[in-house]
There are 2 protein chains.
Amino acid sequence: MQTILLVDDEQDVLDFLTYTIQKEGYRVFTARNGKEAVDKTIELSPKLVLMDLMMPIMDGIEACIAIRNNTSISQPIISLLTSRSEDYSQIAGFDAGADDYIAKPIRPRLLLSKINALLRRPISGEAQPEQDGRLHIDRSSYLVRLDNERIELPKKEFELLELLASRPGKVFTRDQIMSIVWGNEAIVGERTIDVHIRKLREKLGNDYIRTVKGVGYTYNTI
Amino acid sequence: MQTILLVDDEQDVLDFLTYTIQKEGYRVFTARNGKEAVDKTIELSPKLVLMDLMMPIMDGIEACIAIRNNTSISQPIISLLTSRSEDYSQIAGFDAGADDYIAKPIRPRLLLSKINALLRRPISGEAQPEQDGRLHIDRSSYLVRLDNERIELPKKEFELLELLASRPGKVFTRDQIMSIVWGNEAIVGERTIDVHIRKLREKLGNDYIRTVKGVGYTYNTI
DNA sequence: GCTTAAGTTAACTCAATGTTAAGTCGAACT
DNA sequence: AGTTCGACTTAACATTGAGTTAACTTAAGC
């Protein structure tokens with residue numbers, strides 16, 4: 001079960017959101033201000049922190065910075081809750097390292113679908129894909145750089161490359177690739193993966209992805 | 001520790017706000033009118049001046065102008081305190097060089113959050129978003145300059161551009177754009193974002209905003 | 001050599017996005 | 001009050017290109 005830390009200074013909001021999120025099947029902890037949020041993040045290692053922007057003692061931005069600066073803790077996904085009126089602080093949030101925004105007033109349905117989406121995406125902290133010099137993969141800009149030349153990749157190609165590069169040397173089976181990049185719902189044909197691999201090789205050169213026949217594909221460790 | 005100059009002609013207000021702000025960990029000085037405010041600004045070089053609009057001897061607007069015109073002193077962030085009714089004077093305040101408004105009656109928590117936000121924000125005019133020369137976005141004057149030619153943008157377009165430019169290269173999803181620029185109250189149609197993107201491209205040229213199909217939009221880092 | 005996995009190519013499909021023009025609404029002006 | 005204006009939204013339609021498929025070729029392993 002995934003853990004979520006909920007941070008707001010208003011008890012009503014906490015109660016309501018806790019109820020809403022628990023019903024969806026998550027484990028919820030709460031904090032009342034930024035200081036508590038930082039402490040509990042360290043203590044509980046939540047996967048996701050939902051935090052109000054305006055709080056006494058330490059506001060959302062400060063807490064965000066504090067969490068991001070503490071490299072010894074496992075980095076949660078941080079999403080800030082904000083009122084539409086306080087618009088100038090919104091941009092500061094991204095600078096502070098927040099991953100997403102959720103605008104108040106909060107619609108429960110929307111909130112849950114956002115939470116699900118945020119938690120479904122690749123683990124932000126772990127396994128930074130690839131730094132070895134030649135190739136650089138940046139998820140936030142959806143951009144790949146090869147020898148400092150930028151290469152724009154379409155979504156699926158990017159995600160496929162990102163997956164392979166997240167563990168250089170590890171061989172991913174077609175099944176694994178299919179369920180991670182395509183999801184279990186999509187039933188696509190046998191050759192679809194091949195074609196995407198081909199497109200990647202076309203753009204990056206043949207050296208980066210190695211076929212392990214009968215098993216799958218791997219990102220080449222030189 | 002950051003220094004704040006508090007200016008109001010009512011002793012009650014001064015006492016209450018001084019207490020509130022000191023508790024948050026700022027150094028607070030006070031002044032009783034605009035004249036004093038200018039003098040103490042020169043003397044103390046505060047980071048932030050919180051000033052009532054209506055005062056005897058010299059009002060907030062005049063003091064604001066006096067401070068802005070004195071180029072030999074380090075420019076503080078100026079935020080004016082105003083009653084909701086006198087909102088017509090807000091325009092004059094911005095013209096006079098104020099950075100922000102805080103409406104009376106003052107809610108302590110809101111005030112503190114605003115102060116925190118203001119003091120984190122670079123002094124007005126000093127571009128946070130975008131440095132590359134061609135495009136200059138100035139939030140305080142709500143104005144965009146492209147190759148030194150001024151471009152006036154309506155609110156939504158400005159906010160959209162500001163968001164994208166706040167993190168050049170980062171791809172913002174439609175969801176994120178929607179909740180930040182529009183907020184969750186407004187449920188607008190599918191094509192609304194596209195149209196605003198189009199208007200921006202029309203005015204700025206196509207080079208600045210890149211579409212990442214299936215993901216979102218990004219401000220281009222050439 | 002036979003079998004099967006993977007590579008290749010080009011055509012196809014459809015959802016995502018682009019575009020245009022017209023409609024709505026509120027603010028400013030007369 | 002009526003009028004004008006422009007921001008914002010909507011709706012209808014056009015376009016694009018990512019993703020997929022199909023048909024065929026090549027390579028690997030026994």
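Chain letters run A, B, ... following the sequence lines, proteins first, then strands; residues in each count from 1. What you see is a predicted model, and the numbers here were worked out from it, not measured in a lab.
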- Would A:Arg198 and A:Glu202 pass as an ion pair if we require N to O under 4.0 Å?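 Counted as a salt bridge, because a side-chain N and a carboxylate O are separated by less than 4.0 Å.
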- Item | Check ion pair A:Lys104-A:Asp8 (N to O, under 4.0 angstrom) |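 Judged by the 4.0 Å cut-off on N to carboxylate O distance, A:Lys104 and A:Asp8 do form a salt bridge.
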- Task: Under 4.0 Å from any heavy atom of chain A: name the first and the last nucleotide of DNA chain D that qualifies, 5' to 3'.
- Result: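 Contact boundaries, 5' end first: D:dA18 to D:dA28.
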- Query: With side chains defined as the heavy atoms from C-beta onward, is the minimum distance between A:Thr3 and A:Lys47 less than 4.5 Å?
  - Reply: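 Answer no - side chains too far apart.
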- Tell me, do B:Phe158 and B:Val144 make a side-chain contact under 4.5 Å, heavy atoms counted?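 They are in contact (side-chain heavy atoms under 4.5 Å apart), so the answer is yes.
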- Query: Within 45° of the six-membered ring axis of B:Phe172 and under 6.0 Å from that ring's centre, is NZ or CZ of B:Lys170 located there?
  - Reply: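 Ring-cation test returns yes.
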- Query: For the atom pair OG1 (A:Thr82) and CE (A:Met51), what is the distance rounded to the nearest 0.5 Å?
  - Reply: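 Going from OG1 on A:Thr82 over to CE on A:Met51, the span is 12.5 Å.
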- Do other residues, nucleotides or ligands put more than 12 heavy atoms under 6.0 Å from the NZ atom of B:Lys203?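 Counting neighbours around NZ of B:Lys203, more than 12 heavy atoms of other residues, nucleotides or ligands fall under 6.0 Å, so yes.
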- Query: Between A:Ile187 and B:Ile193, which is nearer to the 5' end of DNA chain D once each is assigned its nearest nucleotide?
  - Reply: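 Checking each residue's closest nucleotide, the 5'-ward one belongs to B:Ile193.
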- Query: Once each nucleotide of nucleotides 13-29 of chain C is scored for protein heavy atoms under 4.0 Å, what B/S/- sequence comes out, 5' to 3'?
  - Reply: ---BBBBB---------
- Message: Does the plane of the ring in A:His196 sit parallel, tilted or perpendicular to the ring in A:Trp182? Use 30° and 60° as the thresholds.
- Response: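 Judged by the thresholds at 30° and 60°, the geometry between A:His196 and A:Trp182 is perpendicular.
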